[in-house]
Amino acid sequence: MSLPVMKPVEGKVTRVDVPRTGYRWKGSVEVEVEGNRVVLVMSGSVAQWLQPGENVRLMLFSEPQLVRGEYIALPDDYRLERLWRGEAVEVWPPWRAEERLPRRDPLRGEVVYEYRVVAREATSEQDYIDIVNLEQYHYASKEEIVAVWRCPICGRFIESNVQPTCPEHGVPARLQEIRGSLPSSRFLVLELVDRKPYEPRIVAYVRVDTPIPLMHRRITVDGKTVIEKMIREKVFPKDWFHPTYWPLALSRRREIIAKYRELAKLYGSRRIARAIVGEEIAKEALRIANTAAARIARVVVHPDYRGDGLGVLAVKMAIRWIAERRVPEMKRRKHIVETIAQMARYNPFFEKAGFVYMWETASGRPVLMYPLTDEARSYIERFLQNDPEARKHGGKLYKSRYGKVDPIESPIRLVELSKVYSNELDISRLPTALQEVLKAFGVEKRIVERYVLRNVNIEINPREVVVVVGASGAGKTTLLRMIIGACLGIDSERYKPSSGRIEVPRNAKLEYFLPGEREPQFGEEPILQRIAEVTKDPAVAVEVLNAVGLSDAVFYRARFEELSTGQKERAKLALLLASKPNLLIIDEFAAHLDALTAQRVARKLSSIARSAGITVIVSTNRPEVIRALGPDKIVFVGYGTAYAVRYEESALA
């Protein structure tokens with residue numbers, strides 16, 4: 001074969017092969033250039049959009065290999081562009097971009113930790129298996145199966161949420177399809193670059209489709225619900241959304257119906273006829289689809305990474321992918337990205353990524369759009385200004401119902417506070433043998449008294465985040481108990497100082513968590529129900545769960561015992577926040593979490609508290625947690641003393 005290497009040459013597509021099994025990651029396109037034919041190995045999700053006869057531009061990075069009489073170029077050996085009406089649209093290699101997502105403390109803006117991710121199109125079977133694993137966290141329940149698998153030997157189909165083994169041949173089944181997706185769907189994954197051995201490879205994915213075929217909106221006129229037909233075509237140019245991928249419309253054509261009847265008669269089976277016709281319809285629908293819009297159909301983030309900005313990052317990267325590669329069809333320039341998401345009412349990550357709320361569909365689901373061009377932006381602005389319904393919301397959908405608390409009206413003051421613990425050591429009730437051992441050390445009967453806190457003077461101001469540090473047994477918990485006792489008027493020796501006083505604001509509304517002593521309580525009910533019992537408003541309950549990073553219907557429906565350790569910690573935090581306290585005290589904060597999860601939870605707590613106006617006092621000795629909290633003050637406790645310093649002035653900063 002005499003083809004130039006590292007030089008673009010124009011040619012035509014002569015054949016497209018996409019197998020029925022594993023079509024998303026297996027495919028090839030044969031291209032004829034300068035009288036030679038070369039087979040380009042690529043993913044099926046890309047190959048299926050190309051058609052024989054299309055003009056393309058190919059650049060080989062190395063000589064193709066001769067395999068069974070055909071010249072083959074492997075996925076890393078070439079670049080391919082589609083020549084579409086005078087424009088070159090890059091088709092291969094798959095799109096990818098690296099991004100860093102710094103997570104900053106909400107007070108000073110300093111970087112606490114950082115995600116380094118690669119956003120890229122899914123291309124391998126393992127990518128799609130990882131997508132299946134994440135898909136379960138989007139909408140599945142115990143009764144829902146999100147994937148279909150097929151034995152590579154006998155062809156047996158198996159429905160399962162995890163990769164199954166063929167019961168007959170004992171080999172791993174191959175992924176056949178992800179339920180709910182379309183043949184036209186393209187998938188973008190976010191892969192952690194510098195991940196720890198225990199972290200997942202893929203932490204999020206975005207599914208991109210063509211626009212939905214028809215869209216109507218629901219409005220209220222004179223107190224009555226009215227459905228306005230074809231709303232998009234009234235706001236934007238009609239051809240931006242048509243022709244979209246719509247197999248159902250093709251299935252109604254007379255020639256398709258006639259062919260179906262012929263095949264059913266020929267094979268004596270309607271099922272076989274449907275399969276054959278359906279495959280042809282899907283191919284034809286892919287061939288004619290050509291819009292100036294794309295749709296983000298799904299965004300799923302790994303449960304342990306929710307509420308930390310990765311959802312917003314995934315959407316932003318998908319927008320770049322759509323704009324640069326014109327996905328999913330890779331034809332016309334894209335003007336707009338649409339999404340239809342009920343969750344957008346409760347979680348603003350689409351709006352944080354720049355989407356604008358437009359209207360509700362006829363079924364009552366919110367539609368948000370992102371303009372990719374100035375032309376699209378002008379259409380959206382004109383609609384928001386001129387449409388009576390749109391003027392009411394101004395392009396904003398999400399409104400926080402949790403809002404802010406009334407902060408404590410004055411500082412918490414510990415004035416000359418002392419706490420003496422007294423303990424009597426008496427060995428008389430021990431077995432004789434043990435008494436003899438202790439007597440050898442001179443221990444018989446003794447009263448031990450010691451100052452846990454002595455003449456402590458500390459002031460904690462409204463809205464501050466304060467961290468209490470000190471060795472085990474130094475008095476951290478005692479200090480917290482003194483404040484709790486003063487706030488709640490607890491008449492117990494454990495919660496009262498030996499001398500001195502504690503001044504607490506009259507409007508203090510306290511929630512506290514002392515492990516093993518007083519903890520948030522969950523029963524057998526779903527966690528959403530438990531949180532809603534406190535908030536008295538399901539929407540606020542959803543908002544609180546979203547805020548702590550449990551932003552998925554699967555977790556809303558889950559019982560507390562079904563959650564992982566990290567998710568339980570977040571659920572407890574949600575329950576503490578549900579009553580909208582203005583003072584939150586937590587002992588041994590994030591003690592049972594790994595370092596990465598602890599940082600995420602700490603940063604989230606600090607962000608929520610500062611946004612809502614909550615004063616927070618927590619005890620912890622973990623430097624990474626303290627840094628993520630970004631506290632205003634550090635209270636050092638030990639050997640009877642306790643004093644506070646500004647965080648910036650402490651050795652922990």
Side-chain angles (χ1 to χ4, degrees), residues 16-29 39 41-48 67-68 72 74-75 94 120-189 191 197-205 207 247 263-264 267-283 286 297-298 300 302-303 554 558 562 564:
V16 177
D17 291 321
V18 180
R20 293 185 64 189
T21 301
Y23 73 91
R24 292 201 185 277
W25 56 89
K26 291 168 61 178
S28 65
V29 173
V39 176
V41 179
M42 65 176 65
S43 64
S45 60
V46 175
Q48 66 178 354
V67 181
R68 297 177 183 174
I72 307 292
L74 297 177
R120 58 177 178 80
E121 180 165 11
T123 55
S124 68
E125 183 177 13
Q126 187 57 54
D127 286 343
Y128 286 97
I129 290 175
D130 288 339
I131 288 170
V132 168
N133 293 334
L134 286 176
E135 182 75 358
Q136 297 178 67
Y137 297 110
H138 185 263
Y139 68 88
S141 68
K142 291 181 179 178
E143 291 74 35
E144 296 266 2
I145 305 298
V146 301
V148 179
W149 311 74
R150 194 175 189 184
C151 174
I153 298 176
C154 65
R156 176 176 181 166
F157 289 98
I158 306 170
E159 296 177 317
S160 175
N161 284 342
V162 295
Q163 187 173 21
T165 298
C166 176
E168 183 176 347
H169 295 94
V171 297
R174 306 298 297 273
L175 182 61
Q176 174 73 14
E177 186 53 274
I178 301 171
R179 283 184 166 174
S181 62
L182 303 172
S184 57
S185 301
R186 305 277 291 271
F187 291 84
L188 186 79
V189 296
E191 181 175 359
Y198 52 83
E199 288 192 283
R201 187 176 68 102
I202 303 298
V203 291
Y205 83 84
R207 194 184 106 200
L263 289 168
Y267 289 102
S269 169
R270 292 182 179 181
R271 184 177 63 83
I272 294 176
R274 275 196 302 269
I276 296 173
V277 171
E279 197 169 321
E280 291 189 15
I281 289 173
K283 288 180 180 179
L286 287 168
R298 188 155 294 174
V300 181
H302 190 285
V554 171
E562 295 172 340
S564 70

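None of the values given here were measured: they were computed from a predicted structure.
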- side-chain contact (heavy atoms from CB on, under 4.5 Å) filter on Gln48, not counting sequence neighbours, yields Val18, Tyr23, Leu286
- Note on the structure: Of all heavy-atom pairs linking Gly155 and Arg150, the shortest is O-NE, 3.1 Å
- What's the spacing between Ser160 OG and Leu175 CG if we round to 0.5 Å? 10.5 Å
- Minimum-distance pair of heavy atoms, taken over all atoms of Ala47 and Val29: CB-CG2, 3.8 Å
- Measure across Tyr128 and Ala122 and return the closest heavy-atom pair with its distance rounded to 0.1 Å. OH-O, 3.4 Å
- What distance separates Leu134 CG from Ile129 CD1, expressed to the nearest 0.5 Å? 12.5 Å
- Do the side chains of Ile131 and Ile202 get nearer than 4.5 Å, heavy atoms only? no
- To the nearest 0.5 Å, tell me how far Ser124 OG sits from Asp130 CG. 7.5 Å
- Item | Which atom of Pro167 lies closest to which atom of Arg156, heavy atoms considered | CG-NH1, 3.3 Å
- Taking Asn161 for its side chain and Val146 for its backbone only, find out whether a donor-acceptor pair lies under 3.5 Å. yes
- Message: Quick check: do Thr123 and Trp25 have side-chain heavy atoms less than 4.5 Å from each other?
- Response: no
- Item | Expected output: side-chain Glu191 to main-chain Arg120 donor-acceptor under 3.5 Å | no
- Going by heavy atoms in the side chains, are His169 and Cys151 under 4.5 Å from each other? yes
- Item | Heavy-atom side-chain contact between Ser43 and Pro94 under 4.5 Å | no
- Closest heavy-atom pair, Gln163 versus Ala173, reported as atoms and distance to 0.1 Å, is NE2-O, 2.9 Å
- Query: To the nearest 0.5 Å, how far apart are CZ in Arg207 and CZ in Phe187?
  - Reply: 5.5 Å
- Message: Looking at every non-hydrogen atom in both residues, tell me the closest pair between Pro164 and Ile158 and how far apart they are.
- Response: CG-CG2, 3.8 Å
- Message: So that I can tick it off, tell me whether Glu177 and Arg24 are bridged by a salt bridge, with the cut-off set at under 4.0 angstrom between side-chain N and carboxylate O.
- Response: yes
- Pairwise side-chain contact, Asp127 with Glu121, heavy-atom cut-off 4.5 Å (strictly under): no
